[in-house]
Colleague: 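I am attaching a structure below and will ask some questions about it afterwards.
Per chain, numbering begins at 1; letters A, B, ... match sequence-line order.
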Number of protein chains: 2
Amino acid sequence: MPKYVDKDARRRGVAAALRRIAAREGLEGVSIRTVAAEAGISAGAVQRDFPTKDELLAFAFHDAVDAVAERFSRIRIGPGRAGFAEGLRAVLLDLLPVDDERRAQARVWAAFYARAAVVPDFARTLADLDGLSRTALRAAVGYAVEQGELAPGLDPEEAVELLLVLVDGMWLTAARRPPGASVDPQRAAVDAAVAAVTGASSREPRR
Amino acid sequence: MPKYVDKDARRRGVAAALRRIAAREGLEGVSIRTVAAEAGISAGAVQRDFPTKDELLAFAFHDAVDAVAERFSRIRIGPGRAGFAEGLRAVLLDLLPVDDERRAQARVWAAFYARAAVVPDFARTLADLDGLSRTALRAAVGYAVEQGELAPGLDPEEAVELLLVLVDGMWLTAARRPPGASVDPQRAAVDAAVAAVTGASSREPRR
DNA sequence: TGTGTATTGATACGACTGTATCGGAAGCGG
DNA sequence: CCGCTTCCGATACAGTCGTATCAATACACA
């Protein structure tokens, strides 16, 4: 039969267009028409791929969540991989918006994050992501305890919660960084975070 | 001459109405008409107080920033006041959304925060707030160093940056907490943060 | 090559947006 | 009590929103 088209690929393309707009002007600038224009197709085409705007937003959101989850899962901390301090440092540095792509991604994240404060579905998705990060961090912190790399006074479970909050803070602080500003303060925060959680010194050894 | 009205008071009232809406449905639900209805006045009256919507948003934002700044400045850490650990714990616990008012405030904050990722004026205001917090934290950390309460390996300047990020993370994580959820994870994060930064133990001494 | 169906762009609709304009209500100085 | 100035609510306007509808198009198969 006639005229077939790769639907999933185009759905992802439309979602990417939405994120480009969201990175530029926030979720407020996102409409069926603007997204269609950014994607280079007509508004009618967008309507067919996503019958309603909520579905479009939800899809783009889940796509963004997946991208962030993938970014985290790329760095595994544990036996045979990176040590705890190095791994933690890598995760946190990965959130620093050193290039435009990462800065754009952070701004999109901030937009969706704010929506999660108001739309329960979004909040649930972020809570799920928390769950994933929690188990990953639990494993990493457990490994740190084995290696004696966790700061002596820290309760492992509590350390996991601290790191969760820290990651959110890094990511969102990054979102509001103006284009020309220096990343040094954030780099300092990363150094301090690694030092505080591992109990090591941030002054002499590394850098 | 005729008919006088307290303009500033009503401007604040309108801004408060805006924030109530923002806490409930986000900045997307904010329009001249909805704000007017929430404030119990006509749309024309809002227009007189705020000729343009941007001015209204900016005013409400600055009001919210002032409220947050005031919340922080209420707790002074230093000689004669609270010790560093207690003061830090108090600041962080103050961000926990234990009541509805605080949760609403956090959601409003998230909305404005996301806008700061996209509107340079908002970003500048938050950067100014960072400046304020930075000097306050510098004093507190300096005091901690004197008292030997700072974790031994931590660079004071870096510790300040870490705390800045941490506060943002606490506040924004709070914003997306569903109404019924427990605050225990966040309380754990606070305990860990205090322990990690002071170098003390989070297991036995306090709690 | 013709045919039938999946896809498309355009157009229509009602609701809502921000903003401008304006006639009447309201209150104080005389 | 009057006049004048400030305030207020309503209405008007052009634009955009999300969504529905529909004729025209483009393609795979016979």
Side-chain angles (χ1 to χ4, degrees), chain A residues 1-62 111-112 114-115 118-119 121-122, chain B residues 1-62 111-112 114-115 118-119 121-122:
Chain A
M1 288 121 194
K3 203 174 193 186
Y4 287 117
V5 105
D6 188 345
K7 296 213 302 183
D8 267 18
R10 236 205 7 202
R11 280 166 69 93
R12 266 193 298 275
V14 172
L18 186 153
R19 282 194 297 270
R20 282 197 299 276
I21 296 179
R24 205 186 312 133
E25 4 175 346
L27 243 35
E28 321 233 350
V30 169
S31 82
I32 304 287
R33 289 160 176 74
T34 58
V35 169
E38 174 78 29
I41 62 181
S42 83
V46 174
Q47 281 193 84
R48 206 168 16 274
D49 293 340
F50 301 97
T52 194
K53 191 191 179 183
D54 281 342
E55 293 188 41
L56 168 56
L57 278 169
F59 184 88
F61 176 50
H62 280 95
F112 282 135
R115 196 173 165 83
V118 151
V119 179
D121 263 352
F122 279 41
Chain B
M1 300 161 179
K3 202 173 193 188
Y4 287 117
V5 106
D6 188 344
K7 295 214 301 186
D8 267 18
R10 239 211 359 210
R11 280 167 70 93
R12 266 193 298 276
V14 172
L18 186 153
R19 282 194 296 272
R20 280 198 298 275
I21 296 180
R24 204 187 312 134
E25 3 175 348
L27 245 33
E28 321 233 349
V30 169
S31 83
I32 304 286
R33 288 159 176 71
T34 58
V35 170
E38 175 78 28
I41 61 181
S42 82
V46 174
Q47 279 194 85
R48 208 172 6 275
D49 293 339
F50 300 98
T52 194
K53 189 189 179 182
D54 280 342
E55 294 188 40
L56 169 55
L57 279 169
F59 183 87
F61 176 49
H62 280 94
F112 282 135
R115 195 173 165 84
V118 150
V119 178
D121 263 352
F122 279 41

Colleague: Give a yes/no answer on whether the side chain of R33(B) brings an N or O atom under 4.0 Å of OP1 or OP2 in dC16(C).
Modeller: no
Colleague: Should T52(B) be listed as having a side-chain N or O under 4.0 Å from OP1 or OP2 of dT19(C)?
Modeller: yes
Colleague: How close or far is atom P of dG18(D) from atom NZ of K53(A), stated in whole angstroms?
Modeller: 4 Å
Colleague: Tell me the interatomic distance from D49(A), atom CG, to dG9(C), atom P, rounded to whole angstroms.
Modeller: 11 Å
Colleague: R10(B) CZ to dG9(D) C1': how many Å, rounded?
Modeller: 12 Å
Colleague: So, is S31(A) close to the dT16(D) phosphate, meaning a side-chain N or O under 4.0 Å from OP1 or OP2?
Modeller: no
Colleague: For K53(A) and V30(A), work out which heavy atoms get closest and say how close.
Modeller: NZ-O, 3.1 Å
Colleague: May I have the distance from E28(B) (atom CD) to dC16(C) (atom C1'), rounded to whole angstrom?
Modeller: 14 Å
Colleague: Heavy-atom nearest nucleotide on DNA chain D for R48(A) versus G29(A): which residue maps closer to 5'?
Modeller: G29(A)
Colleague: Atom CD1 of I32(B) to atom P of dG18(C): distance rounded to whole Å?
Modeller: 5 Å
Colleague: Could you give the CD1-to-P distance, from I41(B) to dG9(D), as a whole number of Å?
Modeller: 7 Å
Colleague: Mind listing the closest non-hydrogen atom pair of A22(B) and L27(B) along with its distance?
Modeller: CB-CD1, 3.8 Å
Colleague: Determine, step by step, whether R10(B) and D49(B) satisfy the salt bridge (Lys or Arg N to Asp or Glu O under 4.0 Å) criterion, reporting the C-alpha distance in whole Å, the side-chain angles of both residues, the deciding distance to 0.1 Å, and the verdict.
Modeller: CA-CA 8 Å; R10(B) 239 211 359 210; D49(B) 293 339; 2.8 Å; yes
Colleague: How many Å lie between CZ on F50(A) and P on dT19(D), as a whole number?
Modeller: 13 Å
Colleague: Could you give the CD-to-P distance, from Q47(B) to dT6(D), as a whole number of Å?
Modeller: 19 Å
Colleague: Indicate whether OP1 or OP2 belonging to dA10(C) is found under 4.0 Å from a side-chain N or O atom of S42(A).
Modeller: no
Colleague: Verify, without hydrogens or angle tests, whether R19(A) (side chain) and A60(A) (backbone) share a donor-acceptor contact under 3.5 angstrom.
Modeller: yes
